[in-house]
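Below is one structure, written out as structure tokens, with a few remarks after it.
Along the sequence shown, the residues carry numbers beginning at 1.
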Amino acid sequence: MDKLRRVLNGAEDEEQGLTAQVLDASSLSFGTRVKWFAICFAAGILCSILGTGLLFLPNGTKLFAVFYTLGNLAALFSTCFLMGPVKQIKRMFEPNRLIATIVMLLCLALTLCAVFWWHKKGLAIIFCILQFLAMTWYSLSYIPFARDAIMKCCTTCLN
């Protein structure tokens, strides 16, 4: 457990400046970080479920897109409590996650554009599906060999 705390706190990294330490959320205790992570992640899931429920209401596509996107953002930002915002952003843009991060952020933005500016409900739903797939692929990048296993499974099933 101490090893996990050191990794999440960034204790294994090189010496940081004061600004980086403040932005890295190192002033929060480990217990506080875990609690706020759970709260933020649960709020994200709740928003996504609420958005999905609103989809079936008349003219609920806008609310669905907004709540689903907010839910994904809350779930994404919840990890900032575990590792800090600076470390989170650095990890998001590592070479093995770069494409997944860009696609995920692009889908989040395009979902809102499809609903509010373009007024294309079908396109918004497609972008929400792409959000889900991009978020899943991004999340799998944190699990060692998970992407390789998924790719191998899909390749085997398709052949």
Side-chain angles (χ1 to χ4, degrees), residues 1-13 24 33-34 36-159:
M1 190 65 151
D2 289 336
K3 173 77 172 163
L4 177 64
R5 285 183 185 179
R6 282 195 306 274
V7 169
L8 291 176
N9 288 332
E12 295 185 351
D13 291 342
D24 205 31
R33 286 183 185 199
V34 171
W36 280 105
F37 163 76
I39 290 168
C40 197
F41 191 76
I45 290 173
L46 183 66
C47 280
S48 294
I49 291 171
L50 180 63
T52 304
L54 293 172
L55 177 64
F56 301 106
L57 294 176
N59 296 324
T61 310
K62 275 187 181 180
L63 292 173
F64 163 69
V66 169
F67 276 98
Y68 192 78
T69 302
L70 286 176
N72 280 341
L73 284 172
L76 179 66
F77 289 133
S78 68
T79 55
C80 289
F81 286 106
L82 290 179
M83 65 180 90
V86 173
K87 195 171 191 180
Q88 169 72 16
I89 290 172
K90 284 180 184 177
R91 284 193 174 175
M92 284 176 71
F93 291 98
E94 287 177 351
N96 64 329
R97 292 187 189 97
L98 183 62
I99 294 172
T101 300
I102 291 171
V103 170
M104 179 184 55
L105 294 175
L106 193 62
C107 286
L108 291 170
L110 289 175
T111 301
L112 297 176
C113 289
V115 167
F116 291 114
W117 285 287
W118 304 328
H119 303 288
K120 304 286 184 187
K121 296 177 181 179
L123 193 60
I125 291 173
I126 290 170
F127 284 134
C128 283
I129 292 168
L130 291 174
Q131 265 188 58
F132 172 78
L133 294 173
M135 191 74 141
T136 301
W137 194 250
Y138 169 78
S139 298
L140 286 174
S141 72
Y142 284 95
I143 303 169
F145 305 110
R147 285 179 166 180
D148 295 333
I150 297 294
M151 291 294 289
K152 187 173 182 179
C153 181
C154 289
T155 304
T156 304
C157 290
L158 293 175
N159 287 334

Legend entry - Greater than 12 external heavy atoms within 6.0 Å of Asn96's CG: yes
Inset, instruction - Starting at CH2 of Trp36, measure out to CG of Leu82 and round the result to the nearest 0.5 Å. - result: 14.0 Å
Inset, instruction - Any chance you could lay out the side-chain contact (heavy atoms from CB on, under 4.5 Å) test for Leu54 and Phe67, step after step, and finish with the verdict? - result: CA-CA 9 Å; Leu54 293 172; Phe67 276 98; 3.6 Å; yes
Inset, instruction - Locate the shortest heavy-atom distance separating Phe64 from Gly51; write the atom from each residue and the value. - result: CD1-O, 3.0 Å
Legend entry - Distance (rounded to the nearest 0.5 Å) between Lys120 NZ and Ile125 CD1: 14.0 Å
Legend entry - Verdict with reasoning, Tyr68 to Phe132, per side-chain contact (heavy atoms from CB on, under 4.5 Å): CA-CA 9 Å; Tyr68 192 78; Phe132 172 78; 3.3 Å; yes
Legend entry - side-chain contact (heavy atoms from CB on, under 4.5 Å) assessment of Met104 paired with Leu76: CA-CA 10 Å; Met104 179 184 55; Leu76 179 66; 4.0 Å; yes
Inset, instruction - Write down the atom of Gly71, the atom of Cys47, and the distance for their closest heavy-atom approach. - result: CA-CB, 3.6 Å
Inset, instruction - For Phe116, check ring-ring contact (aromatic ring centres under 6.0 Å, His included) against everything at least two apart and list the hits. - result: none
Inset, instruction - Taking all heavy atoms of Arg97 and all of Arg147, pick out the closest pair and write down the distance. - result: CA-NH2, 4.4 Å
Legend entry - From Ser141 atom OG to Ile99 atom CD1, the distance as rounded to the nearest 0.5 Å: 11.5 Å
Legend entry - Check: Met92 main-chain N/O paired with Thr101 side-chain donor or acceptor under 3.5 Å: yes
Inset, instruction - Taking the side chain as every heavy atom from C-beta outward, state whether Glu94 and Arg91 have any atom pair closer than 4.5 Å. - result: yes
Inset, instruction - Nearest 0.5 Å please: distance from the CD1 atom of Ile129 over to the SG atom of Cys107. - result: 11.0 Å
Legend entry - Asn72 versus Ser48, closest heavy-atom pair with distance: N-OG, 4.0 Å
Inset, instruction - Please report the shortest heavy-atom distance between Cys80 and Gln88, naming the atom on each side. - result: SG-CG, 3.8 Å
Inset, instruction - For residues Tyr142 and Tyr138, establish whether the separation of their ring centroids is below 6.0 Å. - result: yes
Inset, instruction - Report the distance from atom CD1 of Ile150 to atom CG of Leu140, rounding to the nearest 0.5 Å. - result: 5.5 Å
Inset, instruction - Kindly give the heavy-atom pair with the smallest separation between Ala65 and Cys128, and that separation in Å. - result: CA-SG, 4.1 Å
Legend entry - Sub-4.5 Å side-chain heavy-atom contact between Leu133 and Trp137: no
Legend entry - Distance (rounded to the nearest 0.5 Å) between Leu50 CG and Leu63 CG: 8.5 Å
